[in-house]
There are 2 protein chains.
Amino acid sequence: MTTSATPTATGHDAAPDRRHVYDFTEGNAQMKSLLGGKGAGLAEMTRIGVPVPDGFTVTTQACVAAMQAGGTWPDNLWAQIEAHLDDLERRTGRTLGGSERPLLVSVRSGSVFSMPGMMDTILNLGISDDAAAGLAAETGNARFAWDSYRRFLQMYGEVVEGVPAHAFEDELAALKGRRGVTQDTDLTVEDLQELVATFRRVARANGADIPTDPREQLRRSVNAVFASWDNPRARVYRGLNAIPDDLGTAVNVQQMVFGNRGESSATGVAFTRNPSTGAKELYGEFLVNAQGEDVVAGIRTPRPLAELETVLPEAYRQFLDTMTLLESHYGDMQDIEFTIEQSKLYLLQTRNGKRTAAAALKVARDMVDEGVIDRETALRRIEPEQLDQLLHPGLDPKHTATPVTRGLNASPGAAVGRLVFDADTAAERGKAGDAVVLVRWETTPDDIHGVVAAQGVLTAHGGMTSHAAVVARGMGKPCVAGAGELQIDVAAKTVTIGGTVLTEDDTVTLDGSTGNVYVGPIALVPPQITDDFREVLGWADDVRRLGVRANADTGPDAAKARELGAEGIGLCRTEHMFMAADRLPVVQRMILASDADARGAALADLLPMQQSDFDEIFEAMTGLPVTIRLIDPPLHEFLPDLVEQSLLVQRLEIAGAGAPPSDELVAARDLLAHVKRLHEMNPMLGTRGVRLSLLYPEICVMQTRAIIRAAIAVRARGLDPRVEIMVPLVGFAEELRRMREVIVATADEELAAAGVALDYTVGTMIELPRAALTADKVAEHADFFSFGTNDLTQTAVGISRDDAEGSFLASYLEAGIVPANPFASIDADGVAELVRIGVTKGRETKPGLKTGVCGEHGGDPASIAIFDKIGLDYVSCSPYRVPLARLAAARTTLDG
Amino acid sequence: MTTSATPTATGHDAAPDRRHVYDFTEGNAQMKSLLGGKGAGLAEMTRIGVPVPDGFTVTTQACVAAMQAGGTWPDNLWAQIEAHLDDLERRTGRTLGGSERPLLVSVRSGSVFSMPGMMDTILNLGISDDAAAGLAAETGNARFAWDSYRRFLQMYGEVVEGVPAHAFEDELAALKGRRGVTQDTDLTVEDLQELVATFRRVARANGADIPTDPREQLRRSVNAVFASWDNPRARVYRGLNAIPDDLGTAVNVQQMVFGNRGESSATGVAFTRNPSTGAKELYGEFLVNAQGEDVVAGIRTPRPLAELETVLPEAYRQFLDTMTLLESHYGDMQDIEFTIEQSKLYLLQTRNGKRTAAAALKVARDMVDEGVIDRETALRRIEPEQLDQLLHPGLDPKHTATPVTRGLNASPGAAVGRLVFDADTAAERGKAGDAVVLVRWETTPDDIHGVVAAQGVLTAHGGMTSHAAVVARGMGKPCVAGAGELQIDVAAKTVTIGGTVLTEDDTVTLDGSTGNVYVGPIALVPPQITDDFREVLGWADDVRRLGVRANADTGPDAAKARELGAEGIGLCRTEHMFMAADRLPVVQRMILASDADARGAALADLLPMQQSDFDEIFEAMTGLPVTIRLIDPPLHEFLPDLVEQSLLVQRLEIAGAGAPPSDELVAARDLLAHVKRLHEMNPMLGTRGVRLSLLYPEICVMQTRAIIRAAIAVRARGLDPRVEIMVPLVGFAEELRRMREVIVATADEELAAAGVALDYTVGTMIELPRAALTADKVAEHADFFSFGTNDLTQTAVGISRDDAEGSFLASYLEAGIVPANPFASIDADGVAELVRIGVTKGRETKPGLKTGVCGEHGGDPASIAIFDKIGLDYVSCSPYRVPLARLAAARTTLDG
């Protein structure tokens with residue numbers, strides 16, 4: 001063992017001189033990948049003079065080396081830890097496990113990317129029978145000493161030695177029961193000493209041999225933190241957040257400071273600004289005489305930070321100074337954990353605070369106004385995905401329902417769903433498409449998959465910084481936390497509120513913006529767009545290269561898209577108009593027509609209906625381009641299902657057996673014959689898109705007439721319709737050449753008849769690999785390309801979305817065979833490569849060819865970054881994704 | 001009008017000096033694209049001294065110019081024709097339409113590529129009342145003169161003026177009836193004069209104004225030949241034979257010589273070798289006192305050529321000399337048309353003769369032996385597609401059936417099918433998958449689509465060179481021609497043979513190799529492979545770079561493939577083995593298993609079955625590689641159809657209404673639930689291939705065990721199994737990585753258990769665009785790539801083969817939107833580009849990566865040429881396509 005402050009090599013590994021341990025005074029914020037976020041943060045705080053308990057960090061590289069060696073540590077690691085521990089003992093004048101001035105330390109994980117609550121922590125390490133006595137003597141507070149001791153045994157036993165948590169909890173509850181008390185703090189020193197003995201017995205009964213040497217405890221604890229990198233919930237979290245599995249975690253060993261060292265001590269968490277609204281105000285909570293875990297676990301409901309001024313005025317002053325120092329140093333809103341030990345403030349952690357989208361926008365805008373950051377930095381601070389939650393629906397303001405109870409407004413937005421009582425059920429029913437609300441006493445990291453699948457979360461315990469609240473805000477899910485009136489019976493699957501008993505059959509409505517909870521569904525309305533929103537999105541518009549359009553099929557959708565900043569319609573699906581209840585019979589008449597005349601008559605009836613749709617859209621989008629896609633789906637989509645119709649015919653046949661066929665049977669058989677004729681084995685690859693229009697050009701003629709007539713009518717009202725006609729599913733240039741002839745002939749005939757001059761363009765979707773590969777030829781007949789990346793993904797990857805998402809693709813995602821759902825985020829190696837080929841070849845033929853994307857990827861930030869690099873002119877997405885796309889486009893420009 | 005031998009410009013077209021007309025003495029064989037095949041042939045024959053009637057050729061360019069101008073001729077065309085006609089009149093000392101020494105000419109089409117019988121011909125042009133008298137006087141044969149006149153009116157009226165053919169035929173038949181004669185030759189001069197008058201009346205009655213000026217008749221005839229380029233049957237023929245539509249036809253104007261000028265005159269057709277067997281022997285037929293149309297039309301049955309020696313010995317001697325001259329000049333078997341006029345031989349046409357595959361092989365081999373051509377030239381002479389007919393089945397030699405009648409053995413091979421009496425029905429039922437035999441009095445070019453769709457053709461009239469025989473040989477269809485006993489009633493759809501009346505419900509068997517016709521089906525057997533076949537294919541093997549394997553799923557198929565020259569199995573589909581009647585229940589048990597144990601039990605039952613299959617295949621292929629593909633199709637393919645099962649459940653429910661559900665209903669409902677669970681919207685893009693194996697690795701484990709155990713057993717018998725295990729439908733490299741792990745672990749476990757060392761490789765199919773685009777990554781885990789171009793076509797072009805070939809793809813082919821069926825011949829721009837990308841990227845990772853193709857394109861010559869250029873190592877096709885692929889591979893090597 002060496003006592004030098006600079007660790008030296010004692011082992012024989014491949015890099016014997018590699019340094020695995022750094023004192024806090026030796027690091028800084030830039031060393032995040034080596035020291036982890038927490039370790040680098042502690043070092044940086046130490047460096048700038050923020051009060052931080054002393055300690056050192058074991059590097060992520062040490063963890064990775066141990067993982068790669070199947071758990072075996074690098075040869076010199078333990079020696080380096082002991083050397084730094086020796087130094088720490090020297091600097092603090094304390095000894096780990098010592099009977100006088102004992103040193104107690106925390107052992108915490110700290111990965112490069114924040115994974116709150118996902119890995120293990122051990123507190124109060126270093127306590128023992130001797131040290132407890134020493135601590136009691138030193139502080140004159142035997143209760144504190146023995147409480148720390150029992151807490152240590154409980155946490156160490158569970159985390160490091162694998163003793164089931166309930167084994168300790170049961171004993172604690174039993175003792176409180178015997179003593180007739182409800183609070184831990186009501187237990188006496190003797191009670192706690194008894195508990196220490198009991199806990200040691202419990203550990204042994206569960207096969208755990210807790211070592212008596214605190215240094216051995218430290219070694220095992222560091223190892224347990226290493227191992228916790230790979231626990232299941234950490235893996236799930238990394239999967240959800242796209243964090244690589246091979247980064248490893250650092251381990252921070254830090255002198256314990258005690259928020260539970262009496263009434264002049266406290267512990268708490270805080271944000272430098274309000275993470276829910278972004279307002280520059282005190283935001284946080286604390287518990288007197290408590291350790292940090294008491295706050296985060298949400299078991300005791302903490303007090304608002306403002307009350308600290310009254311309770312501990314000296315610490316409060318230090319706190320305000322430190323908040324100012326931190327924000328001016330980091331230039332961003334900070335999320336801090338602090339402890340006050342005998343009126344002295346210590347910061348345990350600071351990091352950039354998670355915030356709601358509204359807060360992100362306000363903080364960004366305010367900091368620009370304050371001159372702290374520039375606009376580009378502000379844009380980089382806002383995650384595009386987060387904006388989505390701003391656009392979540394809220395309660396219809398006209399509702400008159402009375403809340404059944406109220407909790408904390410922990411995450412904004414409103415949710416309606418049936419109650420579920422555990423995360424597995426929530427995940428299962430959520431995946432099946434049910435709207436569910438997860439109700440829990442409190443959530444834990446094990447509940448994440450349930451939160452993902454639920455519309456919203458309701459908890460009985462916990463505050464604004466409880467697990468449920470943090471997780472829900474991160475996901476943009478509405479959350480009402482700490483609704484104390486709830487009586488939950490998980491086994492019986494009931495929740496009782498006052499006298500009302502609710503079950504899985506009941507629907508509730510949460511308002512995460514007010515904390516109100518309602519029984520039954522309430523109508524929701526879209527939220528208002530704030531000034532912050534408009535301002536910051538305006539900065540994004542100034543920066544971005546990529547245009548943003550919306551996919552919209554109706555006038556109101558188009559108007560909403562324009563309000564949200566869409567610069568045109570990238571995809572108007574005309575067949576959605578066919579599905580309306582009053583139109584479907586006409587469409588069916590058209591499909592079932594026995595000859596061209598009958599089909600012509602049905603189409604003549606459809607024409608004014610389509611024309612009025614287009615009229616509304618052109619009006620809403622005046623001055624901006626509107627891309628209208630001609631009919632795309634196979635005709636059988638407009639007819640009854642084959643199985644249903646077959647069963648109907650059989651029923652009628654059996655019922656009428658012996659008699660001549662009824663008119664109903666004759667009609668049903670006739671319809672069945674049509675359904676069979678149009679039935680396809682693989683409709684996705686069948687007679688649809690341009691194939692349909694080439695077989696039945698009269699449909700395309702009708703649609704073109706409706707488009708052009710609508711444009712003429714809108715123009716006549718003094719507006720400026722910008723018409724783009726799009727042909728879907730082109731695989732061969734010749735298909736487009738022929739369709740273009742029909743469209744141009746029809747359009748020009750209409751314009752000539754009306755005596756109107758009106759520009760329009762004709763383009764195509766690129767949604768088949770062949771179209772991308774032969775884009776040079778297709779471009780000869782196209783004024784624009786719009787990449788239909790949904791179908792392009794289906795064909796390029798050979799996955800039917802209808803079938804796969806519920807079956808093998810789900811397994812693939814779970815098993816990590818594919819890194820992401822290719823229908824959500826574009827497959828960069830395959831599908832995006834086809835887009836690149838298509839753009840490149842298209843522009844070889846027509847250098848100025850306008851190119852866009854109108855698949856759902858158009859609203860996905862990762863995909864937008866790829867499309868920007870490929871050089872597309874625009875993306876098009878659903879109206880509510882438009883702001884997100886604007887921001888993502890700006891960020892990808894900033895990222896170069 | 002000019003009388004110069006060199007035509008000069010008289011018009012005002014864009015190329016006023018362009019020469020549109022060439023005398024036969026001015027051309028040669030190299031001028032085929034300008035003069036057409038026939039025109040260049042006549043010029044070449046003239047040049048080398050073969051006796052050819054004098055004349056000139058109007059160029060294909062003139063035809064194209066007229067087509068492009070909507071039928072208007074180039075300004076100077078008619079003047080050039082008249083100038084050449086003047087010269088012809090001068091050289092022959094005859095005058096068109098003259099009353100003394102009248103000049104009669106034929107006007108014949110002649111395109112660049114042979115289109116026999118597809119376009120129009122006018123004979124005897126120049127005859128008139130005056131010329132008929134002059135001809136009668138000159139020849140002393142009034143009957144011949146007036147017969148020529150009535151023939152001209154009939155042909156000109158029909159072809160140029162559009163008078164219906166039957167209008168003339170009816171009058172001819174009526175006259176013969178009135179005269180009580182059966183042969184045209186029994187009519188007297190007076191009868192023929194009456195017929196001339198009648199035909200003129202018939203023409204007028206049909207609105208045709210036949211001009212009296214023979215030069216005007218010539219102008220209209222040339223124009224009619226031009227127009228016939230675009231008649232429907234010519235377009236169909238070009239479509240079938242991939243002849244471009246914009247080549248146009250030349251027109252040959254040639255002095256008539258008269259095979260019908262009495263008993264010292266004759267006309268006939270001949271081949272320089274036997275086109276059916278390839279033997280170097282006299283082959284052909286002639287008719288005394290007849291014109292060529294009489295031979296080709298098959299109305300009179302002609303005499304074998306050998307008899308010419310007796311009938312016209314002088315002409316026969318000229319004929320033999322000319323045959324020798326032709327073959328030595330052209331270096332290939334010639335197909336000639338000749339006429340003997342008063343004992344003098346004239347050749348009207350020579351061209352490389354169409355021949356059966358057997359003949360092609362024999363001629364090629366003999367000519368190499370004779371030193372006429374080298375082996376490479378010989379290989380170029382044989383069309384790979386032709387070999388297919390050699391591999392057509394023949395009658396089982398053990399059959400004991402007695403033929404009901406016999407005709408000419410016009411095209412080899414045997415056919416079994418139900419009778420159809422017209423081409424439209426044949427086409428319709430053939431497309432629907434019925435095996436039909438087309439029976440006709442004689443076939444005409446209008447019947448082609450029926451011949452295409454039929455298994456074979458049976459005619460009552462016509463000889464070995466009749467239309468039916470030529471067309472059937474070209475297509476490799478069995479044909480029995482001139483079966484004179486047949487009494488066909490087209491309207492009643494019956495054929496009477498002796499006393500037997502057959503209808504559309506009857507099946508017949510044709511043996512095109514013997515001419516026998518049987519009532520009822522006879523079992524067929526594959527044909528024997530001849531020495532010529534082996535010899536010539538051996539030359540192909542010496543030349544080709546590309547390997548050729550076969551797709552085979554059973555031992556016998558593998559043995560057949562090896563016999564046909566396959567160098568391994570490129571695709572063994574393991575799931576075909578699952579479909580056998582005795583195995584399907586076990587497979588269903590496996591699919592319906594409620595847990596892994598039950599599934600394991602079913603798989604254990606399947607293992608020995610699969611193992612014995614593999615054992616047979618490895619044995620048959622000892623020393624050659626065998627690529628075994630793991631299970632590919634979605635599991636629901638092994639279960640009942642969804643609609644059928646739904647109907648069954650409903651029937652049982654209705655039948656048992658009121659009673660508790662029967663066991664049958666419970667079982668049916670249970671099965672329906674499984675069918676529904678496995679039902680997919682787009683099974684082509686669903687849970688199949690590697691996706692299935694990743695969901696149920698136990699299937700892959702069973703298959704791997706069966707493969708390796710079979711290989712161990714075959715090795716133990718002293719043989720040399722070469723195992724290649726192939727994973728289908730890989731889209732992501734990670735899929736293959738994981739599957740490879742399972743396969744290797746299983747295989748190595750089996751090998752270790754048996755204590756056997758055995759090399760095996762693991763590769764993948766590349767059948768998704770993404771796999772091709774990311775082939776560099778996929779190759780990291782693959783020892784070989786096999787391009788599954790069927791599925792690659794389905795995904796790249798976005799066409800479901802099951803759906804499209806019967807619907808829009810058929811329309812696309814008909815409308816010319818796609819140049820060829822992409823499932824028959826690989827799409828060069830799209831799918832082949834993906835193959836190229838896949839090979840290139842795969843070899844970036846592994847320079848020695850073995851690559852092949854196992855889609856149906858592996859047996860298509862055009863596709864093989866593309867695969868060879870891309871640099872694949874091998875193609876794999878059905879066993880009977882293997883010889884074809886070997887030859888095609890050699891030819892593509894020769895083509896560089």
Side-chain angles (χ1 to χ4, degrees), chain A residues 634 642-644 646-647 650-651 654-655 679-687 689 691-692 694-695 729 731-732 734-735 738 767-774 777 791 793-804 807-809 811-812 815-819 822 827 829-831 833-834 837, chain B residues 634 642-644 646-647 650-651 654-655 679-687 689 691-692 694-695 729 731-735 738 767-774 777 791 794-804 807-809 811-812 815-819 822 827 829-831 833-834 837:
Chain A
L642 173 62
V643 174
E644 293 307 318
S646 299
L647 290 171
Q650 189 185 55
R651 275 199 305 278
I654 294 174
H679 181 72
E680 294 183 310
M681 290 283 294
N682 297 288
M684 165 65 210
L685 307 176
T687 304
R691 300 161 186 181
L692 204 57
L694 284 166
L695 284 179
L729 211 74
F732 298 88
E734 179 67 10
E735 294 173 314
R738 296 192 187 200
E767 49 189 338
L768 296 173
R770 190 184 195 281
L773 292 165
T774 61
K777 289 170 185 160
D791 278 2
T793 299
Q794 296 203 79
T795 47
V797 189
I799 296 181
S800 165
R801 186 170 192 178
D802 290 327
D803 299 312
S807 74
F808 78 89
L809 189 54
S811 307
Y812 272 27
I817 297 174
V818 291
D827 164 39
D829 293 343
V831 182
E833 175 65 9
L834 283 173
I837 290 171
Chain B
L642 172 63
V643 174
E644 293 308 317
S646 300
L647 289 171
Q650 183 178 264
R651 275 200 306 278
I654 293 174
H679 181 72
E680 295 183 309
M681 287 284 293
N682 296 288
M684 167 62 212
L685 307 176
T687 303
R691 301 162 185 178
L692 203 57
L694 284 166
L695 284 179
L729 211 75
F732 298 88
E734 179 67 10
E735 293 172 315
R738 297 194 186 199
E767 49 190 337
L768 295 175
R770 191 185 193 281
L773 292 165
T774 62
K777 289 171 184 159
D791 278 1
Q794 295 203 82
T795 47
V797 189
I799 295 181
S800 165
R801 187 171 191 177
D802 290 327
D803 299 311
S807 73
F808 78 89
L809 190 54
S811 307
Y812 272 26
I817 296 174
V818 291
D827 163 39
D829 293 342
V831 182
E833 175 65 10
L834 283 173
I837 291 171

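Order of the sequence lines fixes the chain letters, A, B, ..., with proteins taken first and strands second; residue numbering starts at 1 for each chain. None of these values were measured; they are calculated from a predicted model.
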(Q) Within the structure provided, determine whether A/R691 and B/L809 are in side-chain contact (heavy-atom separation under 4.5 Å). (A) no

(Q) Checking A/E735 against B/Y812 for the side-chain hydrogen bond (donor to acceptor under 3.5 Å, both in side chains) test, could you report, in this order, the C-alpha distance in whole Å, the side-chain angles of both residues, the deciding distance, and whether it holds? (A) CA-CA 9 Å; A/E735 294 173 314; B/Y812 272 26; 2.6 Å; yes

Q) When rounded to the nearest 0.5 angstrom, what is the spacing between CZ in B/F808 and OG1 in A/T687? A) 5.5 Å

Q | From A/L685 atom CG to B/M684 atom CE, the distance as rounded to the nearest 0.5 Å | A | 6.5 Å

(Q) Give me the atom names and distance for the closest heavy-atom approach of B/S800 to A/N682. (A) OG-ND2, 3.2 Å

(Q) Heavy-atom pairs under 4.5 Å with chain A: which of B/A815, B/A771, B/A772 has the most? (A) B/A815

Q.
My understanding is that only residues two or more places apart in sequence, or in another chain, count here; which of them pass salt bridge (charged side-chain N to carboxylate O under 4.0 Å, His left out) with A/E833?
A. A/R836

Q: Identify the two heavy atoms, one from B/P769 and one from A/P769, that lie closest to each other, and give their separation to 0.1 Å.
A: CG-CG, 3.7 Å

**Q.** Heavy-atom check, side chain of A/S811 versus side chain of B/L694, under 4.5 Å
**A.** no

Q. How close do A/P683 and B/M681 get, heavy atom to heavy atom, and via which atoms?
A. CD-O, 3.3 Å

Q: Answer yes or no: is there a side-chain heavy-atom contact under 4.5 Å between A/R770 and B/D829?
A: yes

Q: Against chain B, label A/T774 side chain, backbone, both or neither, depending on which of its atoms sit under 4.5 Å from a heavy atom there.
A: side chain

Q: With a 4.5 angstrom heavy-atom cut-off, could you sort out which part of B/L768 is near chain A: side chain, backbone, both or neither?
A: both

Q: Name the option with the most non-hydrogen atom pairs under 4.5 Å to chain A; the candidates are B/V797, B/D791, B/V831, B/V643.
A: B/V797

Q. So which of A/G798, A/G689, A/G830 has the biggest tally of heavy-atom pairs under 4.5 Å with chain B?
A. A/G798

Q: Specify which of A/H679, A/R651, A/Q794 makes the most heavy-atom pairs with chain B at under 4.5 Å.
A: A/R651

Q) At a heavy-atom separation under 4.5 Å, does A/I837 approach chain B through its side chain, its backbone, both, or neither? A) side chain

Q.
Heavy-atom cut-off 4.5 Å, strictly under: side chain, backbone, both or neither for A/I817 against chain B?
A. both

Q: Check side-chain contact (heavy atoms from CB on, under 4.5 Å) between A/A655 and all other residues, then give those that pass, not counting sequence neighbours.
A: none

(Q) Quick check for you: to the nearest 0.5 Å, what is the distance between B/L642 atom CG and A/L642 atom CG? (A) 8.0 Å

Q) Is it the backbone or the side chain of A/L647 that comes under 4.5 Å from a heavy atom of chain B, or both, or neither? A) both

